[in-house]
Every structure is written in structure tokens, then in C-alpha cells.
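If you read the sequence from its start, that first residue is 1, and numbering goes on from there. Every heavy atom of this structure was used, including side-chain atoms; hydrogens, water molecules and symmetry mates were not.
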Amino acid sequence: MIETYSVTPWRRVLGGFLDYLIVLYTILGTHSVYNSTVAGGYHVVPITAILMGLYICIFPDMFRKQNFKRFLIFAILWTAYLGIYALVAPSEKLVHLVSKFIILFFLYIGWFWSHYERKTLTDLFIKYAQIISIIALISLFFWVTASFLHWFGSTGTLDILWGKERTIHSFYGLYFHWQHDFSIHGHQLYRNIGIFTEAPMYSLHLTTALMFDIMLNHQRKAFRYFRIAVLLLAIVTTFSITGYLFAMALVVIDIYMILIKNARSEEPEERKKAVFAIVTITVLGIILAFVGYLLIADKLASRSGGVRKEDYKNGYLGWIDNIFFGAGYGDSEARQRYASWRWHHRAVDGYTNSPMAILCEGGIWFFLCFVVPFVYDLIAAWTKREWRLLVCIGLFIFVFVTTTIQHTSLLIAFMALSFTSMLTGNYQRDKFTFGRPFGTI
């Protein structure tokens, strides 16, 4: 086993470059059009695995003697657990289950393990925000010039499978559009989808990047604020209610945390200003909560909202048919058999939330693989008083409940990150060793 190695300049430079590529391909593996093409050919998941394999070869922290023992025991137990699921609930997509929830999952653990050891994990969150902000900047340019002002037409088309087969317009392979379903005063507008399958999926990435940049990045640089502004503008152009609610909650919570910190100041004048500001923000928060309620009510009353409500009902009915082990990995018929003709008219396949999809295909057995990381993170963050991290976990749970990300690289990476924290003993330390401090508030 490898006990020690030197973090030489070439390792550091090459490792940083691979980090950017791995984060980029994790993004592409989470509902990008490149990972949803009908013909395939972009090999997003295999390339992600190869990149992480190279990284682990350069930084083999997981293969140190004591580390590897812990990993090996966990790997055997995890594989056996999923093996029982695969045997009891057979699936035609067994290869998909193994490639994502065993091979890719273990590689993510090896990647994160190295960053835990070197206390550089926070850098990955910042890299994610940087990459998404670049995608956002490009999409804003094309959305304004092509989708809104129609200054030029598309340069081609791409066939994707999203609910059903769709032919979408491509702009140099850097931006796509097809959702022409948002109306303002009778004018139909394209929704900004960037390089993703639909606006809510793009909004998922934008809000996650915004969360990382606001909650976990303590740099006070002008470019960071520019990046945050770009992310907020891009969220607006997706016309995604979920994205709007997420962004509003995030901004209000961040301001609250800053003001609460100021209210603890030893300076009486500073405390007085902070208390007054807290009262003002509370009123603003109540107003935004009311606006959010109206947005949700309007959304649920719409055709799209009706489908979302039906998905929860259909998912529940499909789950109780196979409570413990589900219908099998990737099986969608368990819930589709309860769907109305309106649902089938809207899509051949697809879903709008993760929990019920997981319960249908894997029952309680497979669902625990997702629940354990969330519960661990919540308890660990609360115990260590890492309030900003706690907010991030809570908001990510909101995304998990309201969007379909159950098989995506991003969610698998999240699960691997949580289990790596357990394996490295990070939860036993006074503060999480993520690199740059998160801060108590």
C-alpha cells in the first residue's frame, strides 16, 4: 500500500486541471442534453470515471493502509447491500445500476477522500460555481440575442429523450432551446435551458451554484459578486418557480445570518443597526413568503403543476405495491400504470420528483441509500453548529424532493461525499476539514 507521496507542483497543477474536468463532467452527467441524446455518443459517465481514476492515481490517499481497510470493508458491505436489492428485484438495467451506484460511486469516494485529506474540498464547490457561471453567461447572451430578439437562427438540431423524444434547436452546441411555453401579456417566450434538458434542470444547477457561492465561499472579490449577479439573472430567464423560491429563500437566509452575527457585536451602535435591519428583513421575508405562496398556488393550478401533484400520487400507489424492494432499478411502469391519460399525453416516460421514483423502483431498501447521507449530514452539521452547511443541506433536500435527480452524477457525488466524511472520521473533528472555513454563521 502507498503510505506517503509528495504533493509536487506538477501533481498540484494536473490535479487542479482534472478537478475542473471532473466537476464539468459531473454537471454534464446531471440532465445535460449531451447525456440525454437519443443516439448517445458523448460517453459522459465513462469519461467521468476515467478522469477520477486518473486523479486517484495522482493522489492515492484512499490507498494508504488504514484508509484502504476502511474503504474495503465499506465497499464490500455496500456491494452486498445493492446485490441483495438486484437479486430480489431483478432489473433489465443492472449494468446501469452497477456502473453508477458502485463503480462511479466508489470513484467519487476516492476523489473526495483525497480532498478531505488535503483539506481542499471547498475548492470543488467554488469550481462548480465558476463553471456554472460561465455556462450562465453564455446562455444569457444566446437567450437575449437568439431566443428573445431572434437576431439569428439555430445552427442545427439535437434529438434528446426527455419525457419523450424531442428535437431541440442548437446554437453552436453551446446553447439550446425548445420550451416555448412561458407567456407574458400574450407573448410566448422561450425559457432559458442553457445546455440542459429543460428549464427546471438548468435552474437546479444555477441555484446549487448560487448556494455554494453565497453560503460556502467567503471571498470578498468583485468578480464573485459579478458571478452571483450572472447566476441570479440566469435564474430569472428560466422562468422556473422552483428556482425563484430557492433563490429568494437563499438570499433572505444569507442576509439573516449576516445580521445575526452583527447583532452579537460588542459595539452597541452596531447591535442597534443590526436589530433594526433584522426587523426590516423579517417584514421583507414575510412579503416574499406570501409571494412564494402565490407562485406555488399558481403553479399547482397549472397543467404542469397538476402533473407534479399526480406524480406524487402515482408514485405512492406504485410504491405500496412493492414496499420493501420496489419494482426494480429503473422500472417506471410501477407508477405509470396509475397515471391518467393527461399524464400519458404529456410524456411517454419521465418524472418530476426523486423520492417517489426511488421508492417505486427500490422500495425502502434502496431508498435508505439516499436517506442515510441526508440524515448523517443534517445531524453532523447541527452537532458542529455549521449553520451555513446546514442551510445548504436543507436546500439540497428541497431540490431532491421537487426535482428528478435520482440517477444523476450530482446526487451520486453528494452521496459519496457524505459517506467519505463518515469513512475519514471527519464527523468526529471539532470542525469539518473542508478547507476554507465555513464559519459558524
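- Formation of a donor-acceptor pair under 3.5 Å by the S354 side chain with backbone atoms of T403 is found in this model.
- W151 places no side-chain N or O within 3.5 Å of a backbone atom of V144 that could act as its donor or acceptor partner.
- The side-chain contact (heavy atoms from CB on, under 4.5 Å) test with L18 singles out one residue from V23, I56, L51, and that residue is L51.
- The backbone N or O of I58 sits less than 3.5 Å from a side-chain atom of R11, completing a donor-acceptor pair.
- Counting heavy atoms of neighbouring residues, nucleotides and ligands inside a 6.0 Å radius, atom CZ of F152 exceeds 12 of them.
- Counting non-hydrogen atoms of neighbouring residues, nucleotides and ligands closer than 6.0 angstrom, the CH2 atom of W10 exceeds 12 such neighbours.
- Note: L72 CG to F68 CZ = 5.0 Å, rounded to the nearest 0.5 Å.
- Closest heavy-atom contact between F171 and A146: CE2-CB, 3.5 Å.
- Put simply, the side chain of I405 does not reach to within 4.5 Å of the side chain of L410, judged on heavy atoms.
- In terms of heavy-atom proximity, T238 sits nearest to A199 at O-CB, 3.3 Å.
- Counting only heavy atoms from C-beta outward, the side chains of L250 and T207 never approach each other to under 4.5 Å.
- L137 pairs by the side-chain contact (heavy atoms from CB on, under 4.5 Å) definition with F226, V230, not counting sequence neighbours.
- Within the 4.5 Å cutoff, side-chain heavy atoms of I397 are placed close to those of L378.
- F400 has its ring centre no less than 6.0 Å from the ring centre of F414.
- The shortest distance between side-chain heavy atoms of F74 and M422 does not fall below 4.5 Å.
- Take Y128 and apply the side chain to side chain donor-acceptor pair (under 3.5 Å) test, not counting sequence neighbours, and it matches H205.
- Under the salt bridge (charged side-chain N to carboxylate O under 4.0 Å, His left out) criterion, D321 pairs with R337, not counting sequence neighbours.
- For residues 135-146, the pairs satisfying side chain to side chain donor-acceptor pair (under 3.5 Å) are S139-N192, S139-Y202, with sequence neighbours left out.
- The side chain to side chain donor-acceptor pair (under 3.5 Å) test applied to S409 returns no partner, not counting sequence neighbours.
- A 4.5 Å side-chain heavy-atom check between L417 and Y116 finds at least one atom pair inside the cut-off.
- Residues that satisfy the side chain to side chain donor-acceptor pair (under 3.5 Å) test with R12, not counting sequence neighbours, are absent from this structure.
- With sequence neighbours excluded, the residues forming a side-chain contact (heavy atoms from CB on, under 4.5 Å) with H180 are Q188, Y190, listed by chain and number.
- Residue pairs meeting the salt bridge (Lys or Arg N to Asp or Glu O under 4.0 Å) criterion with at least one partner in residues 226-241, sequence neighbours excluded, are D213-R227.
- Applying the side chain to side chain donor-acceptor pair (under 3.5 Å) test to Q130 and every residue at least two apart in sequence or in another chain returns Y20.
- Going from atom CZ of F17 over to atom CD1 of I22 covers 10.5 Å, rounded to the nearest 0.5 Å.
- With rounding to the nearest 0.5 Å, the separation of CG in L97 from OG in S99 is 8.0 Å.
- Closest heavy-atom contact between R70 and N67: NH2-OD1, 2.8 Å.
- Side-chain atoms of Y175 never come within 3.5 Å of backbone atoms of S170 as a donor-acceptor pair (strictly under, hydrogens ignored).
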Could you go step by step and tell me if W113 and T424 meet the side-chain contact (heavy atoms from CB on, under 4.5 Å) rule? CA-CA 7 Å; W113 203 309; T424 57; 3.5 Å; yes
For R335 and M356, what are the C-alpha separation, side-chain angles and deciding distance, and is it a side-chain contact (heavy atoms from CB on, under 4.5 Å)? CA-CA 9 Å; R335 58 180 185 268; M356 286 305 166; over 6 Å; no
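- One finds the CG atom of L24 at 10.0 Å from the CD1 atom of I47 (value rounded to the nearest 0.5 Å).
- A side chain to side chain donor-acceptor pair (under 3.5 Å) check over residues 31-58, counting only residues at least two apart or in different chains, returns the pairs Y55-H115, Y55-R118.
- In this structure, the ring of F71 has its center less than 6.0 angstrom from the ring center of F106.
- Ring orientation note: the planes of Y108 and W111 are tilted relative to one another, at an angle of 30° to 60°.
- Y225 OH: more than 12 foreign heavy atoms inside a 6.0 Å radius.
- The two residues F105 and M415 come nearest to each other via the heavy atoms CE1-C, 3.9 Å.
- Using a 4.5 Å heavy-atom threshold, the side chains of D377 and S418 count as touching.
- The side-chain hydrogen bond (donor to acceptor under 3.5 Å, both in side chains) test with H407 is passed by exactly one of K100, E361, K93: E361.
- Applying the salt bridge (Lys or Arg N to Asp or Glu O under 4.0 Å) definition to pairs two or more places apart or across chains, none involves residues 201-211.
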Apply side-chain contact (heavy atoms from CB on, under 4.5 Å) to residues F419 and Y376 and explain how you reach the verdict. CA-CA 9 Å; F419 281 110; Y376 160 78; over 6 Å; no
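- Taking both residues in full, the closest heavy atoms of Q406 and F101 are given as O-CZ, 3.5 Å, listed atom of the first, atom of the second, then distance.
- Rounding to the nearest 0.5 angstrom, the gap separating the CD1 atom in I320 from the SG atom in C360 is 9.5 Å.
- More than 12 heavy atoms of other residues, nucleotides or ligands shown are found within 6.0 angstrom of CZ on F246.
- The closest side-chain heavy-atom distance from D254 to M215 is below 4.5 Å.
- Residue pairs meeting the side chain to side chain donor-acceptor pair (under 3.5 Å) criterion with at least one member in residues 72-91: none, sequence neighbours excluded.
- At least one side-chain heavy atom of F196 sits under 4.5 Å from a side-chain heavy atom of I27.
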Checking L245 against T402 for the side-chain contact (heavy atoms from CB on, under 4.5 Å) test, could you report, in this order, the C-alpha distance in whole Å, the side-chain angles of both residues, the deciding distance, and whether it holds? CA-CA 11 Å; L245 295 174; T402 57; over 6 Å; no
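- Residues S240 and R191 approach most closely at CA-NH2, 3.8 Å, considering heavy atoms.
- Taken from CD1 in I358 to OG1 in T404, the straight-line distance is 8.5 Å, to the nearest 0.5 Å.
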